[in-house]
Number of protein chains: 2
Amino acid sequence: MDVRTICLGILTRGDATGYEIKNLFEDDGYQHFVEASFGSIYPALNRLTEDGLVSVREEAQEKRPDRKVYSITRAGRTAFLASLLKPLPEDRHRSPFVFAMLFADLLPPERLIAMIDGYIVQAEAKLAQLNASHAKAKTPGEAFANGFGRTIYEAMLEYLRSQRGNFIRQTPSAAVAAE
Amino acid sequence: MDVRTICLGILTRGDATGYEIKNLFEDDGYQHFVEASFGSIYPALNRLTEDGLVSVREEAQEKRPDRKVYSITRAGRTAFLASLLKPLPEDRHRSPFVFAMLFADLLPPERLIAMIDGYIVQAEAKLAQLNASHAKAKTPGEAFANGFGRTIYEAMLEYLRSQRGNFIRQTPSAAVAAE
DNA sequence: CTCGATCTATATCGGTCCAATATAGACAGG
DNA sequence: CCTGTCTATATTGGACCGATATAGATCGAG
């Protein structure tokens with residue numbers, strides 16, 4: 001799922017600038033399961049424009065930097081549809097945290113505990129954000145995606161809270177240091 | 001969490017070639033939460049060698065391509081430890097599937113159903129793999145990571161199975177076409 | 001009131017990483 | 001016999017991210 005396709009999809013829901021597209025990932029909305037950086041959004045929008053899949057209108061506003069507002073074209077809608085009909089790339093969940101847990105025995109126990117607790121706090125924050133944007137869902141798709149995210153974070157948190165104590169106790173270095 | 005750090009971590013558990021490191025991600029073992037391609041593993045191992053964090057011995061075997069077996073050095077262990085003490089990069093879960101669900105209303109209903117069912121099958125396969133490698137866990141860390149993965153996939157599947165019908169029914173185009 | 005921080009907004013660059021491809025001999029199965 | 005798969009290393013093109021640059025507006029703290 002490349003950035004061009006992601007931008008096209010977002011633009012099917014309404015016009016936006018590159019800046020606004022980026023912010024959609026960070027605020028609520030796009031459920032933590034998609035993201036892209038400025039460094040890929042702006043070139044993507046340029047190329048979509050070249051290819052005639054989006055159009056731009058430049059709004060020179062006083063007292064503000066110019067805005068380039070992008071709209072999807074008919075050709076863009078067709079192209080986006082076509083990409084949804086192709087086989088989807090697989091999910092990729094990269095977790096430095098889980099990787100680090102494989103080496104729990106090498107860590108100072110305080111560090112291990114701090115990692116787990118820090119991860120729990122992060123997950124709680126994301127879950128809270130999803131709960132906050134739950135009511136704002138405007139389509140069944142948004143509600144589905146929101147529920148999907150909440151389900152995962154709830155399950156993660158349940159696991160982390162229930163395993164935290166055991167895991168720390170069973171980890172050699174942590175257990176030793178706890179004596 | 002860059003590929004050099006990942007390679008270092010794996011090598012703390014024993015010597016390996018680049019090829020073997022790559023396979024650790026695909027078979028069981030590393031729980032779907034880390035991965036790297038040949039295109040990043042080989043350069044990473046070269047640079048780790050230059051930096052003295054790993055050492056290589058070339059095993060020229062008859063009737064087989066040469067093997068370059070990498071071992072972590074004392075400096076490498078120190079460096080790996082240091083990177084675990086730094087703040088971890090955040091998880092990133094990229095899901096083209098969830099993104100596509102946001103546009104369920106644009107899809108032909110058969111396609112929507114095929115996407116969901118295909119995703120369920122994939123998740124089932126990954127869960128089965130995690131269950132299969134469950135017993136092989138040799139450290140508390142591995143057991144923890146395995147349980148974490150199983151928890152997530154189980155929660156995902158439960159959500160997908162329970163929501164599948166409702167979601168398809170509520171999606172405008174799907175519902176229309178179902179009449 | 002003023003200074004630093006934050007916000008809107010676009011853009012580029014270095015470096016990292018992935019997917020695909022190349023090479024090449026071994027071995028197994030149809 | 002021939003195709004496919006496995007072991008094993010390596011490179012390349014393109015995609016992407018994180019950091020950085022620019023620049024005026026606005027806003028809160030002191």
Side-chain angles (χ1 to χ4, degrees), chain A residues 1-8 15-27 32-51 54 56-70 83 86-96 99, chain B residues 1-8 15-27 32-51 54 56-70 83 86-96 99:
Chain A
M1 191 70 88
D2 58 36
V3 178
R4 287 201 299 285
T5 306
I6 292 168
C7 290
L8 272 187
D15 296 355
T17 67
Y19 185 77
E20 285 165 350
I21 290 173
K22 169 78 171 133
N23 283 345
L24 281 178
F25 303 125
E26 286 171 352
D27 305 341
H32 310 285
F33 294 114
V34 269
E35 214 187 320
S37 67
F38 286 127
S40 48
I41 291 172
Y42 285 117
L45 290 171
N46 284 337
R47 203 172 132 189
L48 288 170
T49 308
E50 284 172 37
D51 295 351
V54 304
V56 207
R57 59 173 186 281
E58 240 154 307
E59 293 184 1
Q61 7 176 58
E62 335 157 24
K63 309 198 168 186
R64 277 287 175 199
D66 289 7
R67 288 160 51 88
K68 291 188 185 175
V69 183
Y70 293 88
S83 73
K86 288 192 298 183
L88 291 178
E90 276 192 44
D91 283 21
R92 33 179 58 198
H93 190 160
R94 292 303 137 80
S95 178
F99 185 69
Chain B
M1 190 69 90
D2 60 35
V3 178
R4 288 201 297 284
T5 306
I6 292 169
C7 289
L8 272 186
D15 298 354
T17 67
Y19 184 76
E20 286 164 349
I21 290 172
K22 169 77 170 134
N23 285 344
L24 282 178
F25 303 125
E26 285 170 353
D27 306 340
H32 311 284
F33 294 113
V34 269
E35 213 187 320
S37 68
F38 286 127
S40 48
I41 291 172
Y42 285 118
L45 290 170
N46 285 336
R47 203 171 132 189
L48 287 169
T49 308
E50 283 171 39
D51 296 350
V54 304
V56 207
R57 59 173 187 282
E58 240 155 309
E59 294 185 358
Q61 7 176 58
E62 334 156 25
K63 310 200 171 187
R64 278 285 174 198
D66 289 7
R67 289 159 52 87
K68 291 188 185 175
V69 182
Y70 292 88
S83 71
K86 287 191 298 183
L88 291 178
E90 275 192 44
D91 283 22
R92 29 180 55 198
H93 189 162
R94 293 302 135 82
S95 176
F99 185 70

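Remember, it's a predicted structure, so these values are computed and weren't measured experimentally. Letters A, B, ... mirror the listed sequences (proteins, then strands); counts begin at 1. Side chains included, hydrogens not; waters and symmetry mates left out as well; all remaining heavy atoms used.
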Below 4.0 Å: OP1/OP2 of C/dC17 and any side-chain N or O of B/Arg4: no
Between C/dA19 (C1') and A/Glu90 (CD): distance, integer Å: 14 Å
Selected nucleotide, minimal atom distance to A/Pro43 side chain, candidates C/dA9, C/dT12, D/dC17: C/dT12
Atom pair distance, as rounded to whole Å: OH in B/Tyr42 and C1' in C/dA20: 15 Å
Under 4.0 angstrom between A/Lys68 side-chain N/O and C/dA11 OP1 or OP2: yes
Selected nucleotide, minimal atom distance to A/Ser37 side chain, candidates C/dT8, C/dA11, D/dC17: D/dC17
First encountered from the 5' end of DNA chain D, between B/Glu20 and B/Gly39: B/Glu20
Gap separating the OH atom of A/Tyr70 from the OG1 atom of A/Thr49, nearest 0.5 angstrom: 5.0 Å
Whole-Å distance separating the CG atom of A/Leu45 from the P atom of C/dA9: 14 Å
Nucleotide C/dA19, atom C1' - distance to CD1 of B/Ile41 in whole Å: 13 Å
side-chain N/O B/Ser40 vs C/dC18 OP1/OP2, d < 4.0 Å: yes
Selection from C/dC18, C/dT16, C/dA9 that lies nearest to any side-chain heavy atom of A/Arg94: C/dC18
Euclidean distance, atom CZ of residue A/Phe38 to atom C1' of D/dG18 [Å, nearest integer]: 12 Å
Closest heavy-atom pair and its distance - B/His93, A/Asp91: NE2-OD2, 3.4 Å
Atom-pair distance (NZ on B/Lys22; P on C/dC17), nearest Å: 14 Å
C/dA19 phosphate, OP1 or OP2, under 4.0 Å from A/Arg92 side-chain N/O: yes
Touch class at under 4.0 angstrom, heavy-atom based, for A/Thr17 against every strand present: sugar-phosphate
Sugar-phosphate, base or nothing in reach of A/Gly18, heavy atoms under 4.0 Å: sugar-phosphate
Length of the OH-P vector between A/Tyr19 and D/dT22, whole Å: 19 Å
Heavy-atom pair of closest approach, residues A/Ala44 and A/Cys7: CB-SG, 4.5 Å
Ion pair check, A/Asp51 and A/Arg4, cut-off under 4.0 Å: no
A/Glu90 with A/Arg92: basic N within carboxylate O range, under 4.0 Å: no
Touch class at under 4.0 angstrom, heavy-atom based, for A/Glu58 against every strand present: nothing
Distance, rounded to the nearest Å, where A/Asp2 contributes CG and D/dG13 contributes C1': 15 Å
